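Below is one structure, written out as structure tokens, with a few remarks after it.
Order of the sequence lines fixes the chain letters, A, B, ..., with proteins taken first and strands second; residue numbering starts at 1 for each chain. As the structure is a prediction and not an experimental result, all values here were calculated from the model. These values consider heavy atoms only, across backbone and side chains, with no hydrogens, waters or symmetry-generated copies.
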Amino acid sequence: MISAAVPRRLKLSRELVLLAILVALVIALSLMSPVFLTISNFLNTSRFFVEIGLVALGMTLIIITGGIDLSVGAGLGLVSVALGFTFKAGLPLPLALFLGVGVGLAGGYFNSLFITKLDLHPLVVTLGTLALYRGLALGLSRADAVSNFPGWFAYFGQFYLGAVPGQLIVFIVAVAIVWVLLARTRYGRYVYAIGNNEQAAHFSGVPVARVKTALYVGTGLLVALAAIIYTSRVSTARADSGTGLELDVISAVVLGGASIYGGSGTIAGTVLGVVIIATLRNGLTLAAVATTYQVLILGLLLIVAVFLNEFFRKTEE
Amino acid sequence: MIIEEHRGEHPGVQDGAYPSASPAARDKSSSDTPGDPVIRVMGLTKRFGGVTAIDGVDFDLLPGEVHALVGENGAGKSTLMKIVHGLYAPDEGQLEVEGRQVTFVSSRDAEAAGVAMIPQELDLFPELSVAENLYVGRHRPRSWWGGLDWTAMRTEARRQFETLGIDIDVTLPARFLSTANRQIVLIARALMGDARAVIMDEPTSSLTEREVQRLFEVIKDLTERGVGVVYVSHRLDEVFTIADRISVLRDGLHIKTAPVSELDSEELVRLMVGRALSELFVRNPHQHGSIALELKGLSRSSEFTDIDLTIHRGEVVGLAGLIGAGRTELAQAVFGIRPVESGEIYIDGERVSFHSPQEAMNRGVVYVPEERQSQGLILPFPIYANITLSILQKIARAGFLNYDRERKTTDRFADALSIRGADVSEPISRLSGGNQQKAMIAKSLACEPSILLLDEPTRGVDVGAKSEIYRLIDQLGQDGKAILLISSELEEVLSMADRVVVMREGRITAEFDRDEATQERVMAAAAGVEEKAGAAEL
């Protein structure tokens, strides 16, 4: 039963390659650090990749339509500041959380307005809103931080069910929902159709603008969710939260096989991409590699991922 | 050099080799060396996976002749020509250029050996001038300080066009050129590389009749210089006008090569498809019902003005005109793709205005676009996903896809329209052009429309698929559908339409009933009687 546009055989081989990379990575890193290959370390790692992973789910769909959203990191910072500082100003925390979700949705909708109504390229639009959202966050917080949250707020980012971190469960549920959405619903088919040939999709009666709006708004929701988890995990709302998140997210999605030109990509691939990137980050940290070098390695990985994708696409032809 | 060589006194074609060639053909070929073809292929075979695209094909091209290559879509014409032009490597067989055996690794090798191809999709650089386009990929003249010598480039470019007898402003960016002139620029480019053989793949598929005439003059000029021309086309009337010899391919096999005088169109069609020409156009007269679609004073800035048009249930209205007359724009405006600026649209007497294709489809209006690949189909999608794309709202329960239902719907239409060539779960790009066209019509029929706007439904489609599409249009008419048939092929409009409406420069200039419409009348209305010579050019 093929519902995606990508031939099944190819998808499988690409994902097998990703699994092989992951295995190689795990072996290499476990040689570098004795604590790396332990269940507790894996579960611990998962606490860190959930934020990347949630946003990567939305980003996968955006990239399949041929779009991109660079504003996700800035959006995370803005949501974090919005909920933190309205709480500090006296808003009850539950309401502040809803407000944060509202800010995330609004940020996504704002992006989609420029992209669908004015037909501007998502790269330029979200580069602009990246600066805009980060600037707003900095302005609202006046470079200050909020950290005196009530105890129950810690549940969002520090709760464990047995040994399993709570956010991992949230992530698994989100993966299941987006997976079904992309692979089994009309909406998912539209996403692939737009990415492969937007004009033909429009001519065929696909509501292109509505689909895209829903995508960016949905990604805004995932950003807000990630922001809440992140703010809870570090117990601090700060304007620079989520800086550089877009690099990790886009790397994961592209590594997972989504074509940056649109038209192809899967949730399974993205999840593998997220796990690989998080494993790499975690392993490098355990092996005491400085953060600056980690970014350098990630940058290289992104380029290698794009190369691999094109390589697979060519061998398919 | 080429010219002198072939204007020498070579013996004429031996009668045994190419008997009873037409007078024109004999004149031309009499100046050639018969035993020395520009291109000769022997026993060429090419397989793609398990499919044999061409199977042991022989073909040759003499200097100074026009050799037409005809066959249905999927017969192997393109594959053969791509091998000759170095795009594919053959699995078996030999390729000779001017008597020497060659192996092309890329098109560049073919061009260097003097084999040029004018592709169906014209690839010029739109922002570069005509002169610059001629020099793309070749040595450009330099001035004394090492910069480009623009004067020399333009002079040489002008000289090229002069020898072709064509007047083109070589400083003009290519994007301002008409399709016909783009084609001529590509021909000039091929000749600059001293091409000995020029392959033209469907060169007239988007040209108006007048432009076709001009292209033919250029082709004649080429042959007089001893250049051989391979002319790949679906349009048999053109083939008979321009060709000296005709080769027929069918299902990857070489069926026959003969001088044009030995064949007539009925015979040719029979060779191509194994059916007779008289079967191609069937139209069963029937009664028309009430008015289904009515346009009143429809206008949109520079595209079309003050259009009044009615189509009854069961009626096929042919919309004739030259390319750029505003017919596509009008249909797209009715379909909700382009906003209408003034005027009214009525469906079954009720005023409507669509802002998107979904709205139009919900009211039973479908548009089958002219641009199959860019507007009609999602090429990497499986066949079934293309056919169900417009009706997912109906067949997806609560938004969830159901493969069995999609497949069932697809099978129903694939059978009804006899879409052949691949399993419905294979990408639609694997289908031939004719079958892709039928799939596009199937997609629109799945919406259960009452009004169909068909934009050039047989463009780039082989004779067999064409007759099937005609039969289908006729059937849809009998089923009470209202059909607008946009077509640049006069023969098609005249044989299919109950009524012919002619547009020119955005306005309706004439309307004829089926029995009043003649080629001359429609053409006169489409081209404008007092049109100045050359006004439609550039």
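Considering only heavy-atom pairs separated by less than 4.5 Å from chain A, the leading option among B:Ala396, B:Ser444, B:Gly399 is B:Gly399. In terms of heavy-atom pairs under 4.5 angstrom with chain A, the leader among B:Arg397, B:Met361, B:Glu371, B:Glu426 is B:Met361.
A:Gln199 and B:Ser374 get closest at one heavy-atom pair: OE1-O, 3.5 Å. A:Ala200 approaches B:Ile378 most closely through the heavy-atom pair CB-CD1, 4.1 Å.
Here the OG1-CG distance, from A:Thr185 to B:Leu392, works out to 9.5 Å after rounding to the nearest 0.5 Å. How far CZ of A:Arg186 is from CG of B:Leu389: 11.0 Å, rounded to the nearest 0.5 Å.
Proximity to chain A (any heavy atom under 4.5 Å) is shown, for B:Phe400, by both the backbone and the side chain. Looking at B:Thr388, only its side chain comes within 4.5 Å of chain A, counting heavy atoms on both sides. Of the two parts of B:Gln393, the backbone and the side chain both hold a non-hydrogen atom closer than 4.5 Å to a non-hydrogen atom of chain A. At a 4.5 Å heavy-atom cutoff, B:Ser356 makes no contact with chain A through either its backbone or its side chain. Looking at B:Glu406, the atoms closer than 4.5 Å to chain A (heavy atoms on both sides) all sit in the side chain, from C-beta outward.
Looking at A:Asn197, its side chain never comes within 3.5 Å of a backbone N or O of B:Gln375 through a donor-acceptor pair. Between the side chain of A:Asn196 and the main chain of B:Leu377, no donor-acceptor pair closer than 3.5 Å is present.
Among residue pairs with one or both ends in residues 355-365 of chain B, those qualifying as salt bridge (Lys or Arg N to Asp or Glu O under 4.0 Å) are B:Glu350-B:Arg363; sequence neighbours excluded.
Within residues 117-124 of chain A, no residue has any heavy atom under 4.5 Å from a heavy atom of chain B. Identified by a heavy-atom distance below 4.5 Å to chain B, the contributing residues of residues 202-224 of chain A are A:His202, A:Phe203, A:Ser204, A:Gly205, A:Val206, A:Pro207, A:Arg210, in residue-number order.
Summarising the local packing, CD of B:Glu448 is surrounded by 12 or fewer heavy atoms from other residues, nucleotides or ligands at distances under 6.0 Å. Residue B:Arg108 places its CZ atom among 12 or fewer non-hydrogen atoms of other residues, nucleotides or ligands, all under 6.0 Å distant. Annotation: B:Lys408, atom NZ; neighbour count of heavy atoms from other residues, nucleotides and ligands within 6.0 Å does not exceed 12.
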Distance-only donor-acceptor pairs under 3.5 Å for side chains of residues 168-178 of chain A, two or more places apart:
none

